[in-house]
Amino acid sequence: MKKILSLFILLALLSCNKNDSEDEPEVKPVNITYAFDDASALDAWNITTPNEAIVTIDPNDKVDGAGSLLVYSGCCVMELKTSVALKVNTNYGLTVNGKRTPYGQGDTVCAFPYALGLYVIQGEEELLSKPFGDSPNWKNESFYFNSLEGTEPVKIRIMVNTKEAWVDELKFEEI
């Protein structure tokens, strides 16, 4: 009986001393594409329009799929509702298609730093803050960043500060 009791105590001690990293959830490689094919695609985003911008799907002007995101008549902040967990100190890439109407006087409608900007935020830290789509023609642009040492998930944000802008096929992946 003492041997069985000793065995249970030993097993209990071993299970208490397991590595803490085993308790952390496994972070799988990121490989996500966000398409703007129909209005339901907007459900994945928190959309703020400080001066009543119109945010819609444009089925006539797109790079791929059935449509693209169109923002016009105001400024807009779009943040993906789902935060994305990243591996610590790992390289990631974002590829996005964008375009906007030609720049003219009065084209800037709010105080954002870029006419069309892409942001990745981890906690309070901006890992990526870049302009994109600064052309009246579709441009496919890629951006790269390294995740931080922390384990906080990242938020992806698109900010629009122009009279008309289109976004299509945002791809986020580990590289």
Side-chain angles (χ1 to χ4, degrees), residues 18-48 53 55-59 61-71 75-101 103 110 112-162 164-175:
K18 70 180 181 179
N19 189 343
D20 287 339
S21 66
E22 292 175 8
D23 291 334
E24 294 177 15
E26 178 184 347
V27 178
K28 296 179 180 176
V30 172
N31 188 358
I32 305 167
T33 299
Y34 300 99
F36 297 99
D37 290 337
D38 57 43
S40 67
L42 298 178
D43 293 341
W45 299 84
N46 287 320
I47 301 171
T48 306
V55 180
T56 188
I57 301 299
D58 185 346
D61 197 349
K62 59 193 182 270
V63 172
D64 197 15
S68 66
L69 171 75
L70 169 60
V71 178
C75 55
C76 174
V77 178
M78 296 180 56
E79 187 169 279
L80 194 62
K81 287 180 181 177
T82 305
S83 296
V84 180
L86 303 181
K87 292 180 183 175
V88 174
N89 198 23
T90 302
N91 293 321
Y92 290 90
L94 274 165
T95 304
V96 64
N97 295 289
K99 73 175 194 167
R100 67 186 194 99
T101 53
Y103 187 81
C110 50
F112 303 151
Y114 309 120
L116 195 52
L118 182 63
Y119 301 82
V120 177
I121 299 141
Q122 186 174 21
E124 299 296 317
E125 189 83 25
E126 273 187 7
L127 301 180
L128 177 73
S129 169
K130 296 287 184 179
F132 73 99
D134 196 18
S135 166
N137 301 314
W138 283 105
K139 285 176 72 176
N140 180 277
E141 299 184 64
S142 297
F143 305 98
Y144 305 96
F145 66 94
N146 185 276
S147 60
L148 298 175
E149 293 297 324
T151 57
E152 291 178 290
V154 296
K155 295 178 182 180
I156 299 172
R157 185 178 294 158
I158 297 171
M159 296 174 76
V160 179
N161 177 21
T162 188
E164 287 183 314
W166 290 260
V167 178
D168 201 6
E169 299 295 321
L170 174 73
K171 186 172 183 169
F172 184 33
E173 63 187 333
E174 182 179 330
I175 52 174

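For Lys81 (side chain) and Asp43 (main-chain N/O), a donor-acceptor pair under 3.5 Å exists by modelled atom type. Asp168 contributes a side-chain N or O that, together with a main-chain N or O of Asp64, makes up a donor-acceptor pair within less than 3.5 Å. Without hydrogens or angle criteria, Thr90 side chain to Ser147 main chain gives no donor-acceptor distance under 3.5 Å.
Here the side chains of Trp166 and Thr101 are in contact, with some heavy-atom distance below 4.5 Å. The closest side-chain heavy-atom distance from Ile47 to Cys76 is below 4.5 Å.
With values rounded to the nearest 0.5 angstrom, Met159 atom CE is found 9.5 Å from Thr48 atom OG1. Note: Leu80 CG to Leu170 CG = 8.0 Å, rounded to the nearest 0.5 Å. Atoms CG and OH, on Leu94 and Tyr34 in that order, are 9.0 Å from each other to the nearest 0.5 Å. The NZ atom of Lys62 sits 9.0 Å away from the CG atom of Asp37 when rounded to the nearest 0.5 Å. From Leu70, atom CG reaches atom CZ of Phe36 across 11.5 Å, with rounding to the nearest 0.5 Å.
In this structure, the side chain to side chain contact (heavy atoms under 4.5 Å, CB included) partners of Asn31, at least two apart in sequence or on a different chain, are Lys171, Glu173. Applying the salt bridge (Lys or Arg N to Asp or Glu O under 4.0 Å) test to Glu169 and every residue at least two apart in sequence or in another chain returns nothing. Partners of Asn137 according to the side chain to side chain donor-acceptor pair (under 3.5 Å) rule, which considers only residues two or more places apart in sequence or in another chain, do not exist here. Asn97 pairs by the side chain to side chain donor-acceptor pair (under 3.5 Å) definition with Asn140, not counting sequence neighbours. Applying the side chain to side chain donor-acceptor pair (under 3.5 Å) criterion to Thr33, with sequence neighbours excluded, gives no partner residue. Listed by chain and number, the residues in a side chain to side chain donor-acceptor pair (under 3.5 Å) with Asp61 are Lys99, Trp138 (sequence neighbours excluded). Residues forming a salt bridge (Lys or Arg N to Asp or Glu O under 4.0 Å) with Asp58 (at least two apart in sequence, or on another chain): none.
Sparse packing is recorded around NZ of Lys130, with 12 or fewer heavy atoms of other residues, nucleotides or ligands lying under 6.0 Å away.
The minimum heavy-atom distance linking Cys75 with Ala53 is given by the pair O-CB, 3.3 Å. The nearest pair of heavy atoms linking Val160 to Ala165 is CG1-CB, 3.8 Å. The two residues Thr162 and Arg100 make their nearest non-hydrogen contact at OG1-NH1, 2.9 Å.
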Dump the intermediate steps for side-chain contact (heavy atoms from CB on, under 4.5 Å) on Trp45 and Ile158, then the final yes or no. CA-CA 10 Å; Trp45 299 84; Ile158 297 171; 4.0 Å; yes

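The aromatic rings of Phe145 and Phe172 lie parallel to each other, their planes meeting at an angle below 30°, with 60° marking the opposite boundary.
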Validation: residues 113-129 side-chain donor-acceptor distances under 3.5 Å, sequence neighbours left out:
from: Tyr114; atom 1: OH; to: Ser129; atom 2: O; distance (Å): 3.2
from: Gln122; atom 1: OE1; to: Leu148; atom 2: N; distance (Å): 3.1
from: Gln122; atom 1: NE2; to: Glu152; atom 2: O; distance (Å): 2.8

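Just one residue in the list Ile156, Val167, Leu69 forms a side chain to side chain contact (heavy atoms under 4.5 Å, CB included) with Met78, and that residue is Leu69.
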